Q: 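Sharing a structure with you now.
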Protein chains: 2
Amino acid sequence: MTENDKQTESRILEAASEVFLEKGMDGARMQDIADRAGINKSLLHYYYRTKDHLFNTVFEKTVNQMLMRFAPVLDQDLTFEEKIRFFFHEHIDFLMNNRRLPSFLLNEINRNPERMTKLMEKIEVHKLWDTLHAQHKKELNAYNINREDFPQIMVSVAALSLFPFAGFEIVSRILEKHGTGFDEFIEKRKDFATQFVIKALKK
Amino acid sequence: MTENDKQTESRILEAASEVFLEKGMDGARMQDIADRAGINKSLLHYYYRTKDHLFNTVFEKTVNQMLMRFAPVLDQDLTFEEKIRFFFHEHIDFLMNNRRLPSFLLNEINRNPERMTKLMEKIEVHKLWDTLHAQHKKELNAYNINREDFPQIMVSVAALSLFPFAGFEIVSRILEKHGTGFDEFIEKRKDFATQFVIKALKK
DNA sequence: AATAAGTTAAACTAAATAGTTAAACAATAT
DNA sequence: ATATTGTTTAACTATTTAGTTTAACTTATT
């Protein structure tokens with residue numbers, strides 16, 4: 001694979017990523033992707049035989065990119081509260097640079113749930129929860145957190161950081177009418193969500 | 001308009017609603033809608049000239065249906081805490097019977113943000129906030145809630161009830177691996193979310 | 001220089017799909 | 001009874017779009 005190859009291939013992936021994130025699998029056009037990559041359709045098919053193949057490549061890359069950003073949470077020597085703060089700051093920072101990602105992922109997974117099957121093997125969320133739970137056993141007793149509440153808490157944490165982006169078009173317009181910008185709102189949200197969750201969990 | 005008309009028209013709307021909610025505007029097929037309504041394509045176009053027209057009708061009806069369910073919150077003589085409880089119970093109950101709605105709405109609005117413009121005129125969220133704020137001025141002082149935090153709080157409340165449905169395919173699979181069913185999780189969520197928010201807001 | 005790989009252009013195929021048309025039949029209204 | 005409206009059938013058009021093909025051209029590789 002030559003240097004030229006890499007340039008073209010990464011230009012394709014970048015363009016495809018843009019188009020898929022904007023329009024979704026159904027709405028994306030191969031011609032549009034070729035145009036944005038600055039190549040023609042023949043070459044696009046030369047690199048990725050089918051739209052499906054291209055989509056899967058982009059999808060997997062995107063998911064990986066996101067997961068790698070949060071793996072560190074587990075490995076760090078932080079208190080439970082510090083991990084909550086770390087997560088909200090890292091996650092919201094990442095989403096700020098990938099605003100369309102939540103809505104894209106949620107939608108494509110709903111449209112094609114089989115994709116989840118592969119994804120589940122990769123993330124193994126329940127093992128992640130086990131680890132977290134084991135790491136902070138003593139702390140968690142200081143809150144009123146038992147094992148059965150864990151799913152409710154984790155879904156809530158995810159919701160608080162993902163939802164404003166998933167509903168970007170709605171949220172930002174409402175904020176505007178309220179005299180706040182989306183960026184300002186999101187910047188504040190890192191601390192707000194952290195405090196919100198910590199207070200909600202305390203006895 | 002005869003009785004027969006109404007039957008056909010409502011069968012069409014029901015079928016269209018199903019298909020659009022499952023597949024989205026791009027993925028939906030007019031033939032599919034006709035089939036599910038038990039009529040043929042010609043008749044479908046006889047009632048709704050274009051797919052766009054049909055989609056807009058379904059979209060508006062769906063949004064109206066949802067809004068009408070929550071208008072009562074404002075008019076009732078409840079404390080702020082009681083309103084939070086009322087909202088989570090009503091909202092989650094409604095979503096339970098319309099599981100695909102959050103993901104559908106979020107996605108279609110992201111794909112075609114102009115739709116929001118009309119929507120915004122209808123809902124006037126910031127007026128709703130003003131009303132709420134005025135109704136509970138004294139109570140809100142007892143919490144540590146000032147006017148600037150209102151958007152953060154409202155977005156959080158919406159997130160906590162909408163997100164599990166928007167991410168249904170992900171959430172339900174993770175719960176399964178954890179030994180919980182989605183329905184069970186959602187039933188518990190009505191109270192969990194209520195307590196979560198109330199505790200988070202208290203001084 | 002010769003071979004191979006990357007790239008373009010342009011015309012093409014095949015399939016899917018929104019929307020149309022026209023003729024016939026059924027149900028309802030006047 | 002008759003005109004109107006609702007409905008079916010089935011073939012049709014027009015458009016969009018994924019994917020192919022082929023010939024020529026360019027840029028590395030050997």
Side-chain angles (χ1 to χ4, degrees), chain A residues 1-62 104 107-108 110-112 114-115, chain B residues 1-62 104 107-108 110-112 114-115:
Chain A
M1 195 180 270
T2 72
E3 186 53 35
N4 217 344
D5 274 342
K6 269 181 202 150
Q7 274 184 48
T8 306
E9 192 159 345
S10 71
R11 282 224 314 280
I12 289 176
L13 288 177
E14 219 172 303
S17 178
E18 274 178 38
V19 175
F20 282 133
L21 279 168
E22 273 173 36
K23 310 268 176 89
M25 168 66 169
D26 283 338
R29 299 290 159 242
M30 292 297 269
Q31 186 62 61
D32 193 4
I33 293 171
D35 290 348
R36 291 213 209 181
I39 59 171
N40 65 8
K41 218 174 38 149
S42 305
L43 193 59
L44 181 55
H45 280 102
Y46 178 74
Y47 277 87
Y48 293 90
R49 237 161 285 178
T50 64
K51 187 183 181 182
D52 238 72
H53 182 23
L54 179 54
F55 180 84
N56 287 332
T57 308
V58 168
F59 187 84
E60 280 170 33
K61 281 215 164 200
T62 309
F104 169 78
N107 195 56
E108 293 303 336
N110 278 323
R111 294 267 173 280
N112 184 352
E114 303 83 65
R115 256 194 274 279
Chain B
M1 195 179 270
T2 73
E3 185 54 33
N4 216 345
D5 273 343
K6 268 181 199 150
Q7 275 184 45
T8 307
E9 193 159 343
S10 72
R11 283 223 316 282
I12 290 177
L13 288 176
E14 219 173 301
S17 179
E18 274 178 41
V19 176
F20 282 132
L21 279 167
E22 271 173 38
K23 309 270 175 87
M25 168 66 171
D26 283 338
R29 299 291 158 241
M30 291 298 269
Q31 186 62 61
D32 194 4
I33 293 170
D35 290 347
R36 291 212 209 180
I39 60 171
N40 62 13
K41 217 174 40 147
S42 303
L43 193 59
L44 181 55
H45 279 101
Y46 178 73
Y47 276 88
Y48 292 91
R49 236 161 287 176
T50 65
K51 187 182 180 182
D52 238 73
H53 181 24
L54 179 55
F55 180 85
N56 287 331
T57 307
V58 167
F59 187 84
E60 280 171 32
K61 279 217 162 198
T62 309
F104 168 78
N107 195 56
E108 295 301 337
N110 277 323
R111 295 267 173 278
N112 184 352
E114 303 84 61
R115 257 193 274 279

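Since the structure is predicted, the reported quantities are computational estimates derived from the model, not experimental observations. FYI, side chains are in, hydrogens and waters are out, and symmetry mates aren't considered; it's all heavy atoms of this structure.
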Q: May I ask you to list the residues of residues 54-61 of chain A, by number, that have any heavy atom positioned under 4.0 Å from an atom of DNA chain D?
A: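 Output list: empty, so none.
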Q: Could you state the atom-to-atom distance from OH of A:Tyr48 to P of D:dT20 in whole Å?
A: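 Going from OH in A:Tyr48 over to P in D:dT20 covers 16 Å.
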Q: Would a 4.5 Å heavy-atom cut-off, applied to side chains only, mark B:Met25 and B:Asn107 as touching?
A: no
Q: So A:His53 and A:Tyr47, do their side chains get closer than 4.5 Å, heavy atoms only?
A: no
Q: What protein N or O atoms touch nucleotides 10-13 of chain D N or O atoms at under 3.5 angstrom, if any, and at what distances?
A:
from, atom 1, to, atom 2, distance (Å)
D:dA10, N6, B:Ser42, OG, 3.0

Q: So A:Ile12 and A:Tyr46, do their side chains get closer than 4.5 Å, heavy atoms only?
A: no
Q: Can you confirm whether A:Arg115 sits close enough to A:Asn56 that some side-chain heavy atom of one is under 4.5 Å from a side-chain heavy atom of the other?
A: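 Sidechains of A:Asn56 and A:Arg115: in contact.
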Q: Of all residues at least two apart in sequence or in a different chain, which pass the salt bridge (Lys or Arg N to Asp or Glu O under 4.0 Å) check with B:Arg111?
A: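 If we apply the salt bridge (Lys or Arg N to Asp or Glu O under 4.0 Å) test to B:Arg111, skipping adjacent residues, there are no hits.
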Q: Taking DNA chain D as the partner, which of residues 18-40 of chain A come within under 4.0 angstrom of it by heavy atom?
A: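 A:Ala28, A:Arg29, A:Met30 - these, ordered by number, are the residues of the stretch whose heavy atoms sit under 4.0 Å from the strand.
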Q: Measure from the side chain of B:Tyr46, starting at C-beta and using heavy atoms only, and say which of D:dT20, D:dT7, C:dG19 lies closest.
A: D:dT7
Q: In whole Å, I'd like the distance from the CG atom of B:Leu43 to the C1' atom of C:dA22.
A: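 Result: 16 Å.
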Q: Please tell me if A:Tyr47 has a side-chain N or O lying less than 4.0 Å from either OP1 or OP2 of C:dT7.
A: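 Checking C:dT7 against A:Tyr47, a side-chain N or O does come within under 4.0 Å of OP1 or OP2.
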Q: Pair B:Lys51, B:Arg29 - check side-chain contact (heavy atoms from CB on, under 4.5 Å), show working.
A: CA-CA 9 Å; B:Lys51 187 182 180 182; B:Arg29 299 291 158 241; 3.9 Å; yes
Q: How many whole angstroms separate atom CD of B:Glu9 from atom P of D:dT7?
A: 10 Å
Q: For A:Leu44 and C:dT8, what is the distance between atoms CG and C1' respectively, to the nearest whole Å?
A: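 So the two atoms are 14 Å apart, to the nearest Å.
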Q: Is there a side-chain contact between A:Thr8 and the phosphate of C:dT7, meaning an N or O under 4.0 Å from OP1 or OP2?
A: yes
Q: In Å and rounded to the nearest 0.5 Å, what is the CZ to CG distance from B:Phe59 to B:Leu54?
A: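 If I round to the nearest 0.5 Å, the distance is 13.5 Å.
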Q: Distance-only criterion, 3.5 Å: show the donor-acceptor pairs between side-chain atoms of residues 30-42 of chain A and protein atoms not counting sequence neighbours.
A:
from, atom 1, to, atom 2, distance (Å)
A:Gln31, NE2, A:Asp35, OD1, 3.1
A:Arg36, NH1, A:Glu18, OE1, 3.0
A:Arg36, NH1, A:Glu22, OE2, 3.3
A:Arg36, NH2, A:Glu22, OE1, 3.1
A:Asn40, OD1, A:Leu43, N, 3.2

Q: How many whole angstroms separate atom NZ of A:Lys51 from atom C1' of C:dA15?
A: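 In whole Å, C:dA15 C1' and A:Lys51 NZ are 14 Å from each other.
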Q: Parallel, tilted or perpendicular: which one describes the rings of A:Phe104 and A:Phe55, with boundaries at 30° and 60°?
A: tilted
Q: Could you give the CD1-to-C1' distance, from B:Ile12 to D:dT7, as a whole number of Å?
A: 11 Å
Q: Within this structure, what is the OH-OG1 distance for the pair B:Tyr48 and B:Thr57, rounded to the nearest 0.5 Å?
A: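 If we round to the nearest 0.5 Å, B:Tyr48:OH and B:Thr57:OG1 are 5.0 Å apart.
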